[in-house]
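Please read the structure below before turning to the comments.
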Amino acid sequence: MTRPKPISGFPEWMPPQRTIEQYVVDRIRNTFELYGFAPLETRAVEPLDQLLRKGETSKEVYVLRRLQAEEGATDDDSLGLHFDLTVPFARFVLENAGKLQFPFRRYQIQKVWRGERPQEGRYREFLQADIDVVDRDTLPFHYEAEMPLVVADALGGLPIPPIRIQVNNRKVCEGFYRGVGIGDPEAALRAVDKLDKIGPDRVAELLVETAGATQAQAKAALALAEISATDASFADAVRALGVEDPLLDEGLAELVRVVETANEVAPGLVIADLKIARGLDYYTGTVYETQLRGYERFGSICSGGRYDNLASTGTERFPGVGISIGVSRMLGLLFGHDALTISRSVPTCVLVAVPTEDDRPACDRTARALRSRGVPTEVAPTAAKYGKQIKYAERRGIPYVWFPGEPDTVKDIRSGEQVEADAATWQPPAEDLRPVVSGA
RNA sequence: GUGGCUGUAGCUCAGUUGGCAGAGCACCGGGUUGUGGUCCCGGGUGUCGAGGGUUCAAAUCCCUUCAGUCACCCCA
């Protein structure tokens with residue numbers, strides 16, 4: 001029998017890491033609900049044509065197929081695992097528009113799948129935590145300013161490095177490109193997005209080669225991309241470039257509002273960064289990317305944007321804005337750098353020692369009494385010597401060992417302090433009740 | 001999907017021109033007939049990632065494959 005091996009890109013964390021993940025997800029979920037987002041879970045699969053509706057990245061979609069699929073099965077009816085939570089949500093809104101009240105605020109925390117080549121913080125199966133707001137026909141702009149605040153609140157209470165959310169607005173780029181006469185705005189966006197990686201010279205070359213820009217146009221696009229600021233001053237820098245376009249003006253006004261809204265609540269959280277592009281299609285307004293301070297080189301852990309055409313039937317339109325926290329990605333990076341620790345590897349707060357097997361029923365009663373008051377408790381596996389029972393607790397980080405006797409005593413094995421205790425009333429200090437997650 | 005690097009004990013790693021698989025820490029047992037950590041004694045716990053090839057002989061050389069990681073691609 002060969003020992004089973006891991007599958008590339010499908011990480012399985014150990015209980016301490018999973019405990020941390022649950023803690024993080026709880027924090028995120030509670031925050032989302034604090035802002036009034038309603039819970040939603042969509043099925044894992046979507047019709048393949050739905051998934052591929054936008055973009056030609058079909059390579060990365062996992063397709064679902066029965067082992068005994070019929071020979072003549074057509075591709076039309078095949079199913080794919082969802083690769084994000086926005087596309088399934090858009091489908092859900094269209095499907096259930098009649099039952100929903102708009103604007104509709106929902107959160108979704110689910111696994112998604114992408115057939116990418118894995119590396120640290122980048123997996124084929126991973127967890128995302130997503131919020132979106134959609135409305136019918138038109139979506140008020142102010143929701144675009146709200147997204148970063150929710151994310152900052154959710155992540156701000158966690159023992160992780162501070163985040164910085166980079167924002168841009170598609171209208172700024174597209175208006176600007178139109179203003180200077182660049183023919184292929186999408187190609188231009190794609191080129192400009194690489195600025196940090198390949199530098200201004202290569203971006204200028206790309207702009208000429210792929211976006212059909214002249215040298216002067218490339219220079220202008222590059223000048224725009226190099227602008228960034230944590231306050232509204234970026235708008236002056238853009239206007240100083242002397243490009244005139246109504247869409248540009250609209251985008252600038254929106255981006256200023258996003259930045260100023262954030263600065264009022266959380267100064268330094270948001271930075272306007274005009275090279276941020278995100279995916280090629282479907283974003284139409286504000287776009288977000290998020291860096292963990294100190295982990296900038298690992299890319300964005302949270303991203304999203306405004307979309308106007310994702311959910312539409314032709315007659316009805318449901319514009320939306322959303323942002324998604326890459327939970328697995330963020331935790332994978334932090335775990336990889338030993339930047340998160342937990343005080344114990346199991347939930348157990350108290351181990352009830354067992355003097356002899358004849359005493360086990362009494363020990364079980366003690367455990368039940370503690371559990372009934374919310375103290376996570378387990379009973380020692382065997383009536384081994386007390387030294388071994390204490391070691392059992394120590395190896396797992398369990399802080400307390402309960403010794404049956406006349407009277408019962410409980411020992412804090414970290415300090416060695418042992419006191420008389422009654423299982424009907426004893427309570428550990430609040431900080432010992434659950435494992436504590438902390439930064440390294 | 002393309003290319004590079006890495007893979008030896010639970011962890012960190014050593015292993016010479018191919019010649020009996022090692023160290024530290026961790027862990028297990030005992031000293032300790034019942035309260036751990038210090039100390040002493042004892043124990044190597046391994047499919048050298050896997051499969052195949054070359055060879056008298058492979059952790060070592062060759063091929064394939066799996067996994068991790070890095071750079072691309074992509075990031076909906």
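Naming convention: chains lettered A, B, ... in sequence-line order (proteins, then strands); numbering from 1 in each chain. Side-chain atoms are counted along with the backbone in the values below, which use heavy atoms only and exclude waters and symmetry mates.
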Fill in: Stacked cation flag Arg105(A) on Phe32(A), 6.0 angstrom / 45 deg
no

Practice prompt. With pairs defined as Watson-Crick or G-U wobble and both distances under 3.5 angstrom, please note down RNA chain B as a dot-bracket string, | for pairing with another strand.
Written response: (((((((..((((.....[..))))((((((.......))))).)...(((((..]....))))))))))))....

Practice prompt. Would you kindly give the CZ-to-P distance between Phe10(A) and rG68(B), to the nearest whole Å?
Written response: 10 Å

Worksheet entry | Spacing of Lys385(A) atom NZ relative to rC28(B) atom P, expressed in whole Å | 13 Å

Worksheet item: Are Lys391(A) and rG37(B) close enough that a side-chain N or O sits under 4.0 Å from OP1 or OP2?
Response: no

Fill in: Within 6.0 angstrom of Leu64(A) CG, more than 12 heavy atoms from elsewhere
yes

Worksheet item: If only side-chain N and O atoms of Ser8(A) are considered, is one of them under 4.0 Å from the OP1 or OP2 phosphate oxygen of rG68(B)?
Response: yes

Worksheet item: Taking atom C1' of rC72(B) as reference, at what distance in whole Å does atom NZ of Lys194(A) sit?
Response: 9 Å

Item to complete: Give a yes/no on whether any side-chain N or O of Lys197(A) is located under 4.0 angstrom from OP1 or OP2 of rC72(B).
Response: yes

Worksheet item: In terms of side-chain heavy atoms of Arg117(A), which of rG36(B), rA71(B), rU35(B) is nearest?
Response: rA71(B)

Worksheet entry | Distance-only donor-acceptor test (3.5 Å): side chain Gln389(A), base rU35(B) | no

Worksheet item: How do Arg114(A) and Ile7(A) order along RNA chain B: which one's closest nucleotide is nearer the 5' end?
Response: Ile7(A)

